Asks: 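The structure is given below, and queries will be raised subsequently.
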Amino acid sequence: MRTHYCGELNKEYIDQTVDLCGWVNRRRDHGGVIFLDLRDKQGIAQIIINPEQQETFSIAEGVRSEFVLRVTGQVIARSEGMTNEKISSGQIEVVATNIEILNNSKPIPFQIDSIDTSEEVRLKYRYLDLRREEMQSKLRLRSKVTHFMRDFMDRNDFLDIETPFLTKATPEGARDYLVPSRTHPGEFFALPQSPQLFKQLLMMSGFERYYQIVKCFRDEDLRADRQPEFTQLDVETSFMSEDEIMSMMEEMTREMFKSVIDVDLPSKYPVISYQEAMNLYGVDRPDMRIPMKMVDMDEIMKGVDFKVFSGPANDNASRVAALKIPGGASISRKNIDKYTKYVGIYGAKGLAYIKLNEDGPSSPILKFLGDEVISQIISNTEAVTGDIIFFGADKTKIVNESLGNLREKIANDLKIYSSDWEPIWVVDFPMFDTNSDGSLSAVHHPFTAPSVSSEELINNPEAALSKAYDLVINGSEIGGGSIRIHQTEMQQTVLKILGINEEDAQEKFGFLLNALEYGCPPHGGIAFGLDRIVMIMTGSESIRDVIAFPKTQTAACMLTDAPAEVPKKILRELNIKTIK
RNA sequence: GGUCCGGUAGCUCAGCUGGUUAGAGUGCCUGCCUGUCACGCAGGAUGUCGAGGGUUCAAAUCCCUUCCGGAUCGCCA
């Protein structure tokens, strides 16, 4: 139907006769001459209709926004002063000799070239929202990313193997999405939270290198960066060490950033331990673009006559830490109140601070600390005039979370970034987390290998570290993986520590335990969050902006109105009775 | 489950210390206009003020409940 795309036309096509197909982006009717901006997937071209072309002109008079047209015309140069720098075809225009209306359009609920439409409306008319150039380019970039991933994995001898969506509920972890079985009354499949066990089984099957770009499902509350169904690049290898896997995945991400958005990531990504990340940045996914670190104040504060600080400083489960903001003395009282409120959501009871003004330090807590302590604080934080120092003093978890998140919030508010792109590996995660009831749960997942022997593990599980690694870019956890347990005894030990008895283990994933006994190779892998990668590459605020048809915060689809009730007859077939 | 913000014309929003017939911009419709590119000018139509209940002589406005959207804590191996 077409010979060219609107967006590709430029001076080189002058005098050519072209057939264009697309949507009417805008119509400008001057009475005697009509301009149409015709839009296709490549861009926009201006069509001009002169009254001499009587038939064409009368068609153009009836054309409205978003009509679908096929336009035949001649490319001509625009005369000086009439070019449009905003569009790629702005040097030329097309004189229409014929217009065919392929379809008309009702007036659309919002303008395609306007961004200020509520997300609610955008999602309801997602097919119109996706016509916007911003959305088109984000999904184009997403396609480039997946294409690059497949190409890289294929070049490195990885096999793309599909795993089931209808599978078995996993122990621990997130809430499962369930699918009723018609043929097994009262029984349910679970949609996979990840293909974890299947990819491990593929290693036991001898494929050695597996990958898949695959949907995962978790029935948990949504966030700006969390959807109930999301996509992973899932990878598993045999006979590769942690270092070998990390270095290969580094190469993958480095080449990907270069090829997709022309960004040069460092030739070697820095590595930080979980413990150090928590101490310095308060989070396990540090944003290394921010040139600020937390400074430990426990030693300095142990003896001060100020219980708010000395209490936590002398308690092993607590800490006192400082966060210096360069140039932060200009932060207003009002904003300090705002930040105090902000850290409150993480449980902090207050936010002490010292401002370093021209005329010396100023702070409501100066009188409690004394000159010597204050000068120690200033020297330890390397603070200078014009800075502000914030303090956290509480349970370690509260201090880390409040100062860690405050660090990111202030950096964003004040635009304190030392660079644009900073990847970092976080390693040496603990194996287990202690629950409120004293029981243990896996930090990564129950198949992650510890970096200690099974004797050491059972003797002191809380202290054991795992062979897990997360890749963090700009404070966003974009990938995580581990070396897996490949020996039955170790796997049983871990399950035992997690409080899963042998019977339960057999019932829940006996297949994996059995498979371990038939020559399971050492193996490990990683999974990348595709949506989050595309988010940071496109600078999107919301994960919904990089997914064609996303769900709202209540996990509903505004377009299709899913989820929906189903006829009683169908429920009966599935042996399901609803309570409500 | 908790906290916070929002819901008024197709869209974006103002109005909210209660008080005449609920406004603006934009879109839409009509007319005029031969160089615009967010064209311009003139005129016109368009509202369950998210829903339900309450207070009141009177509710978009105050109170309660509820639904929807968003941010976030918990949750997310």
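Small disclaimer: the values here were computed from a predicted structure and weren't measured. Proteins get letters first, then strands, A, B, ... in listed order; numbering begins at 1 in each.
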Asks: For each nucleotide in nucleotides 4-13 of chain B, reading 5' to 3', give B when a protein heavy atom comes within less than 4.0 Å of its base, S when such contact involves only the sugar-phosphate, and - otherwise.
Replies: ------SSS-

Asks: For Y177(A), what residues pass the ring pair (Phe, Tyr, Trp, His ring centres under 6.0 Å) criterion, not counting sequence neighbours?
Replies: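 Per chain and number, Y177(A) pairs via ring pair (Phe, Tyr, Trp, His ring centres under 6.0 Å) with no residue.
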
Asks: Who pairs with A321(A) by side-chain contact (heavy atoms from CB on, under 4.5 Å), at least two apart in sequence or on another chain?
Replies: M294(A), R319(A), V399(A), L403(A)

Asks: Salt bridge (Lys or Arg N to Asp or Glu O under 4.0 Å) with D337(A): which residues, sequence neighbours excluded?
Replies: R333(A)

Asks: Let me check something: any side-chain donor-acceptor pairs from residues 227-235 of chain A under 3.5 Å, sequence neighbours excluded? List them with distances.
Replies:
unit_1  : atom_1 : unit_2  : atom_2 : d
Q227(A) : OE1    : K551(A) : N      : 2.8
Q227(A) : NE2    : K551(A) : O      : 2.9
E229(A) : OE1    : K215(A) : NZ     : 2.9
E229(A) : OE2    : K551(A) : NZ     : 3.0
T231(A) : OG1    : R142(A) : NH2    : 3.3
D234(A) : OD1    : K199(A) : NZ     : 2.7
D234(A) : OD2    : Y210(A) : OH     : 2.9

Asks: Tell me which residues in residues 57-79 of chain A put a heavy atom below 4.0 Å from RNA chain B, sorted by number, or none.
Replies: R64(A), R78(A)

Asks: What is the nucleic acid contact for S542(A), judged by heavy atoms within less than 4.0 Å: base, sugar-phosphate only, or nothing?
Replies: nothing

Asks: If only atom types and distance count, is the side chain of Q193(A) paired as donor or acceptor with the main-chain N or O of A174(A) below 3.5 Å?
Replies: yes

Asks: With sequence neighbours left out, write down each residue that passes ring pair (Phe, Tyr, Trp, His ring centres under 6.0 Å) with Y274(A), or none if nothing qualifies.
Replies: F429(A)

Asks: For Y342(A) and rU72(B), give me the distance from atom OH to atom P, rounded to whole Å.
Replies: 9 Å

Asks: So which of residues 396-404 of chain A are in contact with RNA chain B, with a heavy-atom cut-off of under 4.0 Å?
Replies: E401(A)

Asks: Which donor-acceptor pairs under 3.5 Å do the side chains of residues 62-69 of chain A make with protein atoms, sequence neighbours left out?
Replies:
unit_1 : atom_1 : unit_2  : atom_2 : d
R64(A) : NH1    : E61(A)  : O      : 3.1
E66(A) : OE1    : R39(A)  : NH2    : 2.9
E66(A) : OE1    : R131(A) : NH1    : 2.8
E66(A) : OE2    : R39(A)  : NH1    : 3.1

Asks: Keeping to residues at least two apart or across chains, list the side-chain hydrogen bond (donor to acceptor under 3.5 Å, both in side chains) pairs with something in residues 81-92 of chain A.
Replies: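 Qualifying pairs, neighbours excluded: T83(A)-E85(A).
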
Asks: Do the rings of Y342(A) and Y346(A) sit parallel, tilted or perpendicular, given the 30° and 60° boundaries?
Replies: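 Perpendicular: the ring planes of Y342(A) and Y346(A) meet at over 60°.
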
Asks: Which residue, M558(A) or R27(A), contacts RNA chain B at a nucleotide closer to its 5' end, judged by nearest heavy atom?
Replies: R27(A)

Asks: Can you find a donor-acceptor pair, distance only, under 3.5 Å between R226(A) side chain and rC75(B) base?
Replies: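 A donor-acceptor contact between them is present.
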
Asks: Does R218(A) have any salt bridge (Lys or Arg N to Asp or Glu O under 4.0 Å) partners at least two apart in sequence or in another chain, and if so, which?
Replies: none

Asks: Just to be sure I understand the geometry, which residues of residues 48-56 of chain A put a non-hydrogen atom under 4.0 Å away from RNA chain B?
Replies: I48(A), P51(A), E52(A)

Asks: Indicate, yes or no, whether a donor-acceptor pair under 3.5 Å links the base of rG70(B) to the side chain of R223(A).
Replies: no

Asks: Under 5.5 Å centre to centre and under 30° between planes: does that hold for H30(A) and the six-membered base ring of rC39(B)?
Replies: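 Stacking is present between rC39(B) and H30(A), given that their ring centres fall under 5.5 Å apart and the planes under 30°.
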
